Amino acid sequence: MRCATGQNQTSSMKTYNWAILGCGKIAEKFSSDLKLLKNAKLYAASSRNLERAKGFAEEHGYEIAYGSYLEMVQDPKVDVVYIATPHSHHMEHSILCLEHKKAVLCEKALALNSREVEAMIEASRENNTFLMEAFWTIFQPKFKKVLELTSDPDLGQLKFVKSDFMFNPEVDPDKRLYNIELGAGSLLDIGIYPLFRSLVLLGKPTAMKTMPRLLPSGVEESIFMLFEYENGSMAALTSSFAASSKNETELCFEHGYIKFERDHDIPIFLGKNGVEQTVKVDAGEGMGYELEAAHVMDCLDKGITESPTLPLSFSLELMNLMDAVRKDAGIVFPGRD
């Protein structure tokens, strides 16, 4: 299975009123990039706390603030909702929006497990309303260039994928990253990126072994994943809140390699025929969130309820893979698995 990354995107003609559901850090970044799109109007900010919603709206330029998610989705002027709450609430909040006919761009991971993702997909189809996972990587010029480079026949077969994502945040059991009730752990928050790359590049593994570090609370702080594929290729993937890294991915082919880091300003390194060259890519004006938002509006212009670039079937396949990893590693979300 592959995402249709090569499709061209057209610029939307209609102006869409965007609403933010959940006023945290990722919502701040998204809002900053949303301002770059002429056809996107920063309309509503919503939180369970009205004062927080008002502060967010004032700081980022939204017209109206809501202290209730239900009030926000009942506003007929809202066209699209960006869901930026913890993983544990994605299903609930997405379905709320979909049942009120609001298009949804929901932060990754799309939910806690595949059962919840299936419920979200069903709600999207029953209400004939757009739903997409906010997996910005697939829209990034750098990643699209990487995929283009992998098609070079001179490289031969892709034999090994090495990919990691690590950072060392403050340990706070009350906050999202370490609160098991909110879907904590490195896997759903950042491990999903190496998993995404392996799924796009190599497909579904035929065998896996995992090595997690579980805290006494049950939160997975770090995990190592080793995948094997039917064609003999392998992947070694790591995510961690216990250490920092360059967040690098290396693709090892029979006759060369491709190395790239998460940082958009660092070039891609291509090794072929014993020579390494750098490939620079223009990352654009924003951080990259504007690209996924532009794609959503393009889909809405076309009257479609599912992205051809990032279809819901891919999001479900990715979640199925994460479920398999969690099962092998013994990672459990109490009351949700």
Side-chain angles (χ1 to χ4, degrees), residues 3-4 7 9 11-12 14-37 39-47 56 60 62 66 69 72-73 75 77-87 89-111 116-117 119-121 123-125 127-140 188 192-193 196 286-316 318-319:
C3 294
Q7 297 195 14
Q9 299 174 27
S11 58
S12 172
K14 177 183 174 180
T15 297
Y16 291 91
N17 287 336
W18 282 79
I20 297 293
L21 193 155
C23 300
K25 291 182 179 179
I26 190 67
E28 293 178 357
K29 295 178 181 179
F30 183 82
S31 298
S32 177
D33 276 7
L34 198 59
K35 294 174 183 177
L36 299 174
L37 303 175
N39 56 314
K41 185 176 182 180
L42 280 66
Y43 175 67
S46 63
S47 171
F56 188 95
H60 298 284
Y62 286 85
Y66 286 107
Y69 299 145
M72 182 271 289
V73 297
D75 185 337
K77 292 184 179 180
V78 172
D79 296 312
V80 195
V81 180
Y82 171 68
I83 294 178
T85 48
H87 314 304
H89 292 69
H90 285 179
M91 177 182 70
E92 172 192 351
H93 294 152
S94 293
I95 292 177
L96 173 67
C97 294
L98 293 167
E99 289 180 341
H100 285 80
K101 310 297 184 182
K102 307 301 184 186
V104 172
L105 176 63
C106 180
E107 253 310 317
K108 56 84 202 156
L110 194 54
E116 294 186 356
V117 170
M120 294 163 70
I121 294 173
S124 170
R125 291 173 178 167
N127 291 281
N128 195 34
T129 302
F130 184 88
L131 169 66
M132 190 182 86
E133 184 173 13
F135 218 115
W136 65 329
T137 305
I138 203 67
F139 301 102
Q140 300 308 300
L188 261 68
I192 190 171
Y193 287 105
F196 170 86
M287 292 179 282
Y289 299 102
E290 79 281 6
L291 301 175
E292 61 185 2
H295 178 73
V296 170
M297 292 187 291
D298 184 51
C299 290
L300 296 179
D301 277 348
K302 295 173 180 175
I304 57 179
T305 59
E306 184 174 348
S307 165
T309 302
L310 190 62
L312 294 172
S313 59
F314 180 85
S315 292
L316 180 58
L318 179 60
M319 185 55 69

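All of these numbers come straight from a predicted model, not from anything done at the bench.
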Next on the checklist: Under the criterion side-chain contact (heavy atoms from CB on, under 4.5 Å), I'd like the reasoning laid out for K14 against N39: C-alpha separation, chi angles, the key distance, then a yes or no.
Outcome noted: CA-CA 6 Å; K14 177 183 174 180; N39 56 314; over 6 Å; no

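By the 30° and 60° cut-offs, the orientation of the rings of H90 relative to H87 is perpendicular.
Judged purely by atom type and a 3.5 angstrom limit, H93 has no side-chain atom pairing as donor or acceptor with the backbone of I83. Between the S124 side chain and the M120 main chain, no donor and acceptor come within less than 3.5 Å of each other. For the pair E290 (side chain) and G288 (backbone), a donor-acceptor distance under 3.5 Å is present. Between the side chain of E133 and the backbone N or O of L110, at least one donor-acceptor pair lies under 3.5 Å.
For the side chain to side chain donor-acceptor pair (under 3.5 Å) condition, the pairs that include at least one residue of residues 98-108, sequence neighbours left out, are Y82-E107, K101-N127. For residues 20-34, every residue pair satisfying the side chain to side chain donor-acceptor pair (under 3.5 Å) rule, not counting sequence neighbours, is listed here: S31-Y62.
Under the rule for a side-chain contact (heavy atoms from CB on, under 4.5 Å), the partners of A103 that lie at least two apart in sequence or sit in another chain are V80, F130, L300. The side-chain contact (heavy atoms from CB on, under 4.5 Å) check on A40 picks up W18, L34, L37, M297, with sequence neighbours excluded. With sequence neighbours left out, D79 forms a side-chain contact (heavy atoms from CB on, under 4.5 Å) with Y16, N17. In this structure T137 satisfies the side-chain contact (heavy atoms from CB on, under 4.5 Å) test together with F135, F143, Y193, F196, sequence neighbours excluded.
L131 is not listed as a side-chain neighbour of T305, based on a closest heavy-atom distance of 4.5 Å or more. H295 has its side chain within reach of P308: a pair of non-hydrogen atoms, C-beta onward, lies under 4.5 Å apart. The side-chain heavy atoms of D75 and Y66, taken from C-beta on, include a pair separated by under 4.5 Å. In this structure, L316 and L312 have side chains that are not in contact, with every pair of non-hydrogen atoms separated by 4.5 Å or more. Two residues are said to be in side-chain contact when any heavy atoms from C-beta on lie closer than 4.5 Å; L21 and M72 meet this criterion. Residues M132 and C106 have side chains not in contact (no heavy-atom distance under 4.5 Å, counting atoms from C-beta outward). With a 4.5 Å cut-off on side-chain heavy atoms, L105 and V81 do not count as touching. A heavy-atom distance below 4.5 Å is not found between the side chains of V73 and V78.
Note: I304 CD1 to N128 CG = 11.5 Å, rounded to the nearest 0.5 Å. Rounding to the nearest 0.5 Å places NE2 of H89 at 11.0 Å from CD of E116. Residue E92 holds its CD atom at 9.0 Å from OH of Y69, rounded to the nearest 0.5 Å. Once rounded to the nearest 0.5 Å, the distance linking OG of S307 with NZ of K302 reads 9.5 Å. Note that the CG atom of L291 and the OG1 atom of T309 stand 11.5 Å from one another [nearest 0.5 Å].
Here the closest heavy-atom approach between residue K77 and residue Y43 is recorded as CD-OH, 3.3 Å. Listed here is the closest heavy atom pair of L42 and H60: CD2-O, 3.3 Å. Closest of all the heavy-atom pairs between A123 and I95 is CB-CG1, 3.9 Å. For C23 against S47, the heavy-atom pair with the smallest separation is SG-CB, 4.1 Å. The minimum heavy-atom distance between A27 and A84, with the atom names listed, is CB-CB, 3.9 Å.
A salt bridge links R125 with E306: at least one charged nitrogen is closer than 4.0 Å to a carboxylate oxygen.
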